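Keep in mind it's a predicted model, so treat the numbers as computed, not measured.
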Amino acid sequence: MREAELAGSLVGTTKRGIGPCYASKVTRNGIRVSDLRHMDTFPEKLDILLHDAASRFKGFEYSKSVLQTEVEHYKRFSERIEPYIADTVHLMHDAFSSGKKILVEGGQATMLDVDFGTYPFVTSSNPSAGGICTGLGIAPRHIGDMIGVAKAYTTRVGSGPYPTELLDEAGENLRSAGHEYGTTTGRPRRCGWLDMVALKYSCQINGFSALNLTKLDVLSGLSRIRLGVAYKGPDGNLLKSFPADLDILQNVEVIYEDLPGWQADISSVRRYQDLPSAACLYVERIESLLGIPIDYIGVGPGRDALIVK
């Protein structure tokens, strides 16, 4: 309903209710997982939330029968979920105290971070490294190495400025070769050359100790590969960093470096020294521009299609 109100200015959400959930959290009338343990008071909390939605959206018809139906749904959810409800702060710190290893995987991407991404074309949370602390209750001093995951080219789902986007056959070829379709919605991803300005910005925010460069194999067969190494602003001057101002971002001129491509199929390569020299040049140029090592290189969709550099 919110997306419909925006008409021609759609944010490009998945329409799965993530935004409204976070909005309820911030306005402090949201329902928490622990509320499923208290079905005696749950209907009252859900009633408040649904009344608020009904007053906000004219197309939402709310009645007591709707409430009763939803409560019955949540009762069934509660029976399935309750065994897994826990005090997660205690759970995490108990794991630390026991010497257990904890692997935290961040979904989505830094450029969709509600604070540091291309706002308002973002998600509703912090998928950057800061979300580890705020989302799990893990203290910063407990965080060890952080490995950034970046494709060998840039993709985006949804709306928003995208300086290195390829709107021609080259972009279509990347989408086809990389099977670039949204995991949740199935929407075609927008594809383009690797944006080093955005990637360096992401590395600065997250403090990555190394990168995992994925889908290098998708670039095989190209005679030329481009890297977007800098932005020139509307005034003609080079920008020092990724701009927060979208009016500037959507009007930047990207400065590219052209590197030679390679023709060989690299999907079966498992040692860095066995990659084509042009592929190594591409990887090492990215390292040089970022000042961060690329320790892992993905060359295919399989779990074993990985080069440890």
Item to check | Intermediate values then yes/no, side-chain contact (heavy atoms from CB on, under 4.5 Å), Met39 and Val71 | outcome: CA-CA 8 Å; Met39 295 309 297; Val71 169; 4.3 Å; yes
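- With respect to Ser128, the side chain to side chain donor-acceptor pair (under 3.5 Å) criterion is satisfied by exactly one of Thr110, Asp113, Asn206, Asp115: Asp113.
- Side chains of Asn126 and Thr134: no donor on one and acceptor on the other come within 3.5 Å.
- His179 places none of its side-chain heavy atoms less than 4.5 Å from the side chain of Val218.
- Under a cut-off of 6.0 angstrom, the local environment of CD in Glu44 is sparse, with at most 12 non-hydrogen atoms contributed by other residues, nucleotides or ligands.
- Ile147 and Phe208 end up in different hydrophobic clusters when Ile, Leu, Val, Met, Phe, Trp and Tyr side chains are linked at under 4.5 Å.
- Side chains of Phe242 and Leu249 form a contact here, defined as non-hydrogen atoms less than 4.5 Å apart.
- Here Glu172 pairs with Arg175 in a salt bridge; the nearest charged N to carboxylate O distance falls below 4.0 Å.
- At distances below 3.5 Å, not a single donor-acceptor pair connects side-chain atoms of Thr155 with backbone N or O atoms of Cys191.
- Counting heavy-atom neighbours within 6.0 Å of Gln263 CD, excluding the residue itself, gives a total above 12.
- Between Ile18 and Ser125, the closest side-chain pair of non-hydrogen atoms is not below 4.5 Å.
- Judged by distance alone, the side chain of Thr154 and the main-chain N or O of Gly192 form no donor-acceptor pair under 3.5 Å.
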Item to check | side-chain contact (heavy atoms from CB on, under 4.5 Å) evaluation trace for Asn212 with Leu306 | outcome: CA-CA 9 Å; Asn212 176 0; Leu306 183 71; 4.2 Å; yes
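- Interatomic distance, CG of Asp217 versus CG of Leu275, reported as 10.5 Å (0.5 Å rounding).
- Thr27 places a side-chain N or O within donor-acceptor distance of the main-chain N or O of Ala23, the cut-off being under 3.5 Å.
- Remark: Asp258 CG is packed, more than 12 non-hydrogen atoms of other residues, nucleotides or ligands lying under 6.0 Å away.
- The distance from atom CG of Leu222 to atom CH2 of Trp262, rounded to the nearest 0.5 Å, is 7.5 Å.
- Counting heavy atoms from C-beta outward, Ser24 and Asn29 have side chains that approach closer than 4.5 Å.
- Take Glu180 and apply the side chain to side chain donor-acceptor pair (under 3.5 Å) test, not counting sequence neighbours, and it matches Lys151, Tyr153, Arg189, Lys215.
- You'll find the side chain of Leu246 reaches within 4.5 Å of the side chain of Phe121, heavy atoms only.
- Using a distance-only test at 3.5 Å, with no hydrogens or angles considered, no donor-acceptor pair links the side chain of Ser288 to the main chain of Glu284.
- With 3.5 Å as the limit, one finds no donor-acceptor pair spanning the side chains of Asp52 and Tyr62.
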Item to check | Trace of the side-chain contact (heavy atoms from CB on, under 4.5 Å) decision for Ile266 with Ile307 | outcome: CA-CA 11 Å; Ile266 63 173; Ile307 297 172; over 6 Å; no
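- Between Asp94 and Lys100 the shortest side-chain heavy-atom distance does not fall below 4.5 Å.
- Under the 3.5 Å distance criterion, the side-chain polar atoms of Asp87 are matched with a main-chain donor or acceptor of Val89.
- Thr164 pairs in a side-chain contact (heavy atoms from CB on, under 4.5 Å) with only one of the listed residues (Leu194, Val197, Val254, Val252), which is Val254.
- The two residues Ser124 and Gly19 make their nearest non-hydrogen contact at OG-CA, 3.2 Å.
- Under a cut-off of 6.0 angstrom, the local environment of NE2 in His38 is crowded, with over 12 non-hydrogen atoms contributed by other residues, nucleotides or ligands.
- By the 6.0 Å and 45° rule, Arg226 stacks over the aromatic ring of Tyr256.
- Formation of a donor-acceptor pair under 3.5 Å by the Ser78 side chain with backbone atoms of Tyr74 is not found in this model.
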Next on the checklist: For Leu199 and Met196: C-alpha separation, side-chain torsions, deciding distance, then whether side-chain contact (heavy atoms from CB on, under 4.5 Å) applies.
Outcome noted: CA-CA 5 Å; Leu199 183 54; Met196 296 303 300; 4.3 Å; yes
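- With values rounded to the nearest 0.5 angstrom, Tyr282 atom OH is found 9.0 Å from Ile294 atom CD1.
- Between the side chain of Asp245 and the main chain of Asp247, a donor-acceptor pair closer than 3.5 Å is present.
- Between the Glu257 side chain and the Leu227 main chain, no donor and acceptor come within less than 3.5 Å of each other.
- Note on Ile225: it clusters hydrophobically with Tyr272, by side-chain heavy-atom contacts below 4.5 Å among ILVMFWY residues.
- Here the side chains of Leu46 and Leu67 are in contact, with some heavy-atom distance below 4.5 Å.
- Between Tyr201 and Met111 the shortest side-chain heavy-atom distance falls below 4.5 Å.
- Residue Phe42 qualifies as enclosed at atom CZ: its count of foreign heavy atoms under 6.0 Å is above 12.
- A donor-acceptor contact shorter than 3.5 Å links the side chain of Arg190 to the backbone of Gly158.
- Between His142 and Phe96, the ring planes are parallel. Angles under 30° get that label, and only those over 60° would be called perpendicular.
- Tyr231 places no side-chain N or O within 3.5 Å of a backbone atom of Ile248 that could act as its donor or acceptor partner.
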